Every structure is written in C-alpha cells, then in structure tokens.
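Take a look at the structure below.
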Amino acid sequence: MTKAVSYAGPLRLGVNIDHVATIRNARGGGHPDPILAAQIAANAGADGITAHLREDRRHIADGDIDRLMSDEIHLPLNLEMAATEEMLEIALRHKPHAVCIVPENREEVTTEGGLDAAAHHNKLAYYADKIAAANIRLSLFIEPSSVQFAVAKSMGAQVVELHTGAYCEAVIEGDEKKVADHLKRLQDGAAEAHAMGLEVHAGHGLTYNCVKPIAAIPEVMELNIGHFLIGEAIFIGLDEAIRKMRILMDEARKSESGK
Ligand code: PXP
C-alpha cells in the first residue's frame, strides 16, 4: 500500500512512438508516420512524446527527431539515447525538453534493464555535464536502488526513470509474490528518490493490466509507455488506446492504491 501524500501532482503520460517507426521501417517508405502518431497522442491526452534514437536506427530515424522538434508537434520531446558522442551531438543540436540516458546493447530486442550509473559513473558524468550545460533536463533510466539514486543525484540528473520491466513480467507470469516484491521496490525507490529531490518517472512494459499500481505511487510524476499502446492501436485505434490508458492512470491516482 502506498501512503497518501499531498505532493502527488498530476501524473503525466509520455507516449513512446518508436514502434510506429518499427512498422514503417519493415517496408520502407513513410507509412505509418510516427509524427502523425505523436499528433494523435497529443489529441488523446498525452503530455509528452518519447522517442529512442538507437545507434542502429532500427526504428526512429534522424528525420523523425527533426520533425518532433519542429512545429508539426507541440508536445515536449523526451529523447532516449545511449551515452555516445554521436547521440550527444544530436541532443545538443536539437535541445529537446529532456534527454533520458538508457543502456543500449546491439543484440537486445528492447532496453532490457536499467542503466548501471554507478559502474559507468565517469563516462556518464561527462555526458551529464554537457547536457546540463545546454540546459536540457537529464533523466537516467535506472533500477530502483539507493546506489543508483545517489549517483544520479551526484551527476546533476533532475529525473530518474524507474525500470518497471521486471514488475510487468511478474504480472504476466501471475507470480503474486514476485509482483509484490517488485512493486515494493518501486514504491520504496520512488519515495527515496523523491526525498533526495529527484523527479520520479517510470516505464517499460506497462499495459492496462499492470499500470494502476505504478500510477498510484504518489511520487511518480510521469509514465512513459510505448509498445503496448502501439500494439493495442491495431485493434482499437491509437486515440482510443491512449484514452483508455489515461483513464486507468487517473483512476489509480485518485484511489492511491491502484485497485
Ligand atoms: N522508458 C524507457 C526509458 C524506455 O527505454 C522504454 C522503451 O523504449 C519505455 C519507457 C517504454 O517501454 P514500452 O515500450 O515497453 O512501453
């Protein structure tokens, strides 16, 4: 059970449009257009757009980032990227609302775990300094762990995004003990990070079935959700898929228990 706290602000929804680009790239050409998806997301109640420009450009392309930063779409862009010189140059050129540094392995299907900020402190600190100097909000995608929070704070990150993948997997497996353990780690982690002055976001693997307990964590200010929404859009349309998610998030936030 999460405690009721007065600082629980409105919960923002960032829609990740990567997998619209995945489908586009399967055939080449321009359809379906991820920027049209971003516009639909804006109308359906999204507060921001998230896009991961991968080193191998398997989904989002450089031209998509150009367009997401143009007048075609008025929502803030959360640019997910690996800590590389190439990505840093792109971020500094575009100056998105936020940069979220994520771990990236070439062979992985998706971002499989949080960034080990503690192990890569020196390298990450270099990128964090450049991003801060450009006045871009810095977020680190990490596991809920005291060590990771301390390192994020020491680097000047304003935001930590907690990886919800293991919790969502446990929900799919139907393992109640694992679900409870992962949820508690996320709840305790959110409270700890918030107490340290870090803004807390969460994401990865969230679906209609598992979003509510995460949305109910009062310190969590933003959820970033992609794959499930784009998949669900095939059946009910993107606008409807996002509106349904928004309703579940808002219901959970009101109840504060996620039930
Ligand atoms: N947040 C971060 C940092 C991510 O890397 C991803 C996946 O790109 C997401 C959120 C969204 O995860 P999903 O697509 O599973 O909803």
Side-chain angles (χ1 to χ4, degrees), residues 11-23 25 34 37-38 41 46-61 64-65 68 76-83 87 91 96-106 108-117 124 137-144 148 152 157-172 182 186 189-190 193 198-212 214-215 220-234 238 241-242 244-246 248-249:
L11 180 59
R12 298 191 299 267
L13 171 61
V15 172
N16 180 317
I17 56 169
D18 291 352
H19 297 300
V20 179
T22 301
I23 299 171
N25 295 359
D47 302 286
I49 297 299
T50 290
H52 184 174
L53 186 66
R54 280 186 167 266
E55 188 189 7
D56 62 10
R57 307 299 197 273
R58 69 176 72 158
H59 37 58
I60 293 294
D64 296 324
I65 301 298
L68 287 167
L77 174 64
N78 175 36
L79 175 65
E80 289 180 8
M81 57 174 236
M87 290 300 150
H97 171 72
V99 157
C100 180
I101 299 186
V102 302
E104 200 173 294
N105 299 319
R106 257 166 223 239
E108 71 188 358
V109 177
T110 181
T111 314
E112 281 162 3
L115 193 65
D116 190 345
L124 289 172
R137 268 164 85 74
L138 174 65
S139 171
L140 299 183
F141 189 40
I142 56 178
E143 301 292 333
Q148 301 297 338
Q158 289 94 339
V159 178
V160 286
E161 179 164 336
L162 304 185
H163 197 301
T164 52
Y167 155 77
C168 296
E169 278 301 315
V171 172
I172 291 167
H182 283 301
L186 290 161
L198 292 160
E199 183 171 310
V200 183
H201 298 178
H204 208 279
L206 293 169
T207 69
Y208 296 151
N209 283 338
C210 61
V211 74
K212 286 183 112 181
I214 302 299
V220 172
M221 304 302 288
E222 179 174 309
L223 299 183
N224 285 304
I225 310 180
H227 183 268
F228 176 80
L229 288 175
I230 305 309
E232 193 63 7
I234 293 169
L238 185 57
I242 293 170
K244 269 181 85 170
M245 187 62 84
R246 196 58 277 170
L248 294 173
M249 287 167 55

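For clarity, every value in this text was computed on a predicted model and none was experimentally measured. Just so you know, residue 1 is the first one in the sequence shown, and it goes up from there. Counting convention: from 1, in listed order, for ligands and their atoms alike.
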#### Entry: Distance in Å, H97 NE2 paired with I49 CD1, rounded so as to fall on 0.5 Å steps
12.5 Å

### Summary
Between I17 and A37 the two heavy atoms that sit nearest each other are CG2-CB, 4.2 Å

## Note on the structure
Sequence neighbours excluded, the answer for side chain to side chain donor-acceptor pair (under 3.5 Å) partners of T22 is H19

### Query
Do side-chain atoms of D18 reach the backbone of H59 as a donor and acceptor pair under 3.5 angstrom?
no

### Query
What are the two closest heavy atoms between P103 and L115, and how far apart are they?
N-CD1, 3.6 Å

## Note on the structure
Atoms of ligand 1 under 4.0 Å from any heavy atom of V102, numbered from 1 in the order shown, are 3 (C)

### Query
Given H201, M81, H204, which has its nearest heavy atom closest to atom 12 (O) of ligand 1?
H204

### Message
Could you work out, with side chain to side chain contact (heavy atoms under 4.5 Å, CB included) as the rule, every residue matching A193, not counting sequence neighbours?
### Response
F149, V160, L198, V200

### Message
Out of all atoms in ligand 1, which are within 4.0 Å of some heavy atom of I225? Include the element for each.
### Response
16 (O)

### Sub-4.0 Å atoms of ligand 1 with respect to non-hydrogen atoms of H227
13 (P), 14 (O), 16 (O)

### Task
Please say whether G226 places an N or O atom under 3.5 Å from an N or O atom belonging to ligand 1.
yes

### Task
Check whether any N or O atom of H19, backbone or side chain, sits under 3.5 Å from an N or O atom of ligand 1, and answer yes or no.
no

### Task
Say whether N224, considering both its backbone and side-chain N or O atoms, lies within less than 3.5 Å of an N or O atom on ligand 1.
no

### N or O pair under 3.5 Å between G205 and ligand 1
yes

### Task
Return a yes/no value for E80: is any of its N or O atoms, backbone included, closer than 3.5 angstrom to an N or O of ligand 1?
yes

### Query
Just by modelled atom types, is the L248 backbone N or O under 3.5 Å from a matching donor or acceptor in the Y208 side chain?
no

## Note on the structure
Under 4.0 Å between heavy atoms, the region of H163 that gets near ligand 1 turns out to be neither

